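The model shown is predicted, which means the values in this text are computed figures rather than measured ones.
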Amino acid sequence: MKGKSKLYKVFIYVALLTLAISIIVPIAWVFFASVKENAEFYGDPWAFPKGFHIQNFIDAFQKANMGEYMLNSVIVTVVALIILIAVALPAAYVLARFEFKGKKILNTVFMMGLFINSTYIVVPIFLMLLDGDAFLTKVIGRGFLIDNIFVLALVYAATSLPFTIYLMSNYFKTLSTSYEEAAYIDGAGLFKTLITVMAPLAKPSIITVILFNFLNFWNEYIIALTLLPGDSKTLPVGLINLMAGQKAAANYGQMYAGLVIVMLPTLILYILVQKQLTQGMTVGGTKE
């Protein structure tokens, strides 16, 4: 039995090491490629860069408009997260703590939403916004629903509500009611109790949903491509255009610099909140 246990541990370690290498090596290769000159790509692709060609990042920001695309992505992501937390936090708290008519129906609807990928409904969303713009054009002379980064943020928040409410409501169920009882004795109302008592206690769950949804919003491509047909683009859409253009121009350093610009914020955020993410996933996933 001890021999089998050791063999099993060796197998797990080898599997985890292989998985780590398969993830780290491509990421490291992209980082090294982003500071290479074009001539270096025609030699050994695995060779280390001869120097740090920072001009690739400058060209990506200036010539390929990656700076403007990055600003759009930051605005869309931040606005979507604010809307999402503002709606999901009280909704999850109510579903976890209170009994009322229609609660089972609401829970069922949110559970159904977990199994619907937002890319499947992007065409109906686009048609709804298009009809809305046609109506607004008749009423006020112009529409603003299509090619609007704030409307895109609203769509992101709405499509992420089922997962966010499900995770946060499960976390609220694990918290003791004694905290709320103490707040009620001190004269706090429902809203004050939620904001000053329950929300800080649910911090691991909130950080978890922020990270997951940040990754989702930051890297989303299909909805952004559909709802932003004009010059305003988010970073993933701009990156695809950059890659298509740079392949024709054979400017690979600038292309990989764009990839690093997209990846770096998500890597930094994960490193900063790794501990809270693990805690939120393990506690928030418990059942009653």
Kindly state each residue pair satisfying salt bridge (Lys or Arg N to Asp or Glu O under 4.0 Å) with at least one member in [range], sequence neighbours excluded.
range            : value
residues 103-116 : Glu99-Lys103
residues 83-97   : Arg97-Glu180
residues 138-151 : none
residues 15-43   : none

Worked check of side chain to side chain contact (heavy atoms under 4.5 Å, CB included) between Val151 and Leu129: CA-CA 9 Å; Val151 174; Leu129 295 177; 4.0 Å; yes
Between [X] (side chain) and [Y] (backbone), is there a donor-acceptor pair under 3.5 Å?
X      : Y      : result
Ser73  : Leu235 : yes
Trp218 : Pro265 : no
Gln254 : Tyr256 : no
Asn117 : Thr119 : yes
Glu68  : Asn72  : no
Thr266 : Met263 : yes

Taking [atom1] in [X] as the centre, count heavy atoms belonging to other residues, nucleotides or ligands within less than 6.0 Å. Is the count above 12?
X      : atom1 : result
Ile105 : CD1   : no
Phe100 : CZ    : yes
Tyr179 : OH    : no

Supply the atom-to-atom distance [X] [atom1] to [Y] [atom2], rounded to the nearest 0.5 angstrom.
X      : Y      : atom1 : atom2 : answer
Leu17  : Ile21  : CG    : CD1   : 4.0 Å
Leu228 : Leu152 : CG    : CG    : 5.0 Å
Ile165 : Leu167 : CD1   : CG    : 11.5 Å
Ile125 : Tyr120 : CD1   : OH    : 14.0 Å
Leu89  : Ser205 : CG    : OG    : 9.0 Å
Ile223 : Phe217 : CD1   : CZ    : 9.5 Å

Heavy-atom check, side chain of [X] versus side chain of [Y], under 4.5 Å:
X      : Y      : answer
Tyr93  : Phe98  : yes
Tyr156 : Asn213 : no
Phe172 : Leu201 : no
Val237 : Thr234 : yes
Ile261 : Phe61  : yes
Phe214 : Val78  : no
Asn219 : Val262 : yes
Gln55  : Ile58  : yes

Test of ring centre spacing under 6.0 Å for Phe144 and Phe150: no
In this structure, would [X] and [Y] fall into the same cluster of hydrophobic residues linked by side-chain contacts under 4.5 Å?
X      : Y      : result
Met112 : Met168 : no
Phe48  : Leu259 : no
Leu84  : Val109 : no
Ile268 : Met66  : yes
Tyr8   : Leu16  : yes

Shortest non-hydrogen separation from Ala80 to Ala157 and the atoms involved: O-CB, 3.6 Å
Residues in side-chain contact (heavy atoms from CB on, under 4.5 Å) contact with [X], at least two apart in sequence or another chain:
X      : value
Met111 : Leu114, Tyr166
Leu127 : Val123
Ile210 : Leu81, Ile85, Ile206

Under the side chain to side chain donor-acceptor pair (under 3.5 Å) test, residues paired with Ser176 that sit two or more places apart: Ser178
Working for side chain to side chain contact (heavy atoms under 4.5 Å, CB included), residues Thr208 and Tyr171: CA-CA 11 Å; Thr208 300; Tyr171 192 92; over 6 Å; no
Between side-chain atoms of residues 23-35 and protein atoms elsewhere (two or more places apart, or another chain), which donor-acceptor pairs fall under 3.5 Å?
{"unit_1": "Trp29", "atom_1": "NE1", "unit_2": "Pro45", "atom_2": "O", "d": "2.8"}
{"unit_1": "Ser34", "atom_1": "OG", "unit_2": "Phe31", "atom_2": "O", "d": "2.6"}

What residues join [X] in its hydrophobic cluster, counting side-chain heavy atom gaps under 4.5 Å, either direct or through other members?
X      : answer
Val14  : Val10
Tyr13  : none
Met128 : none

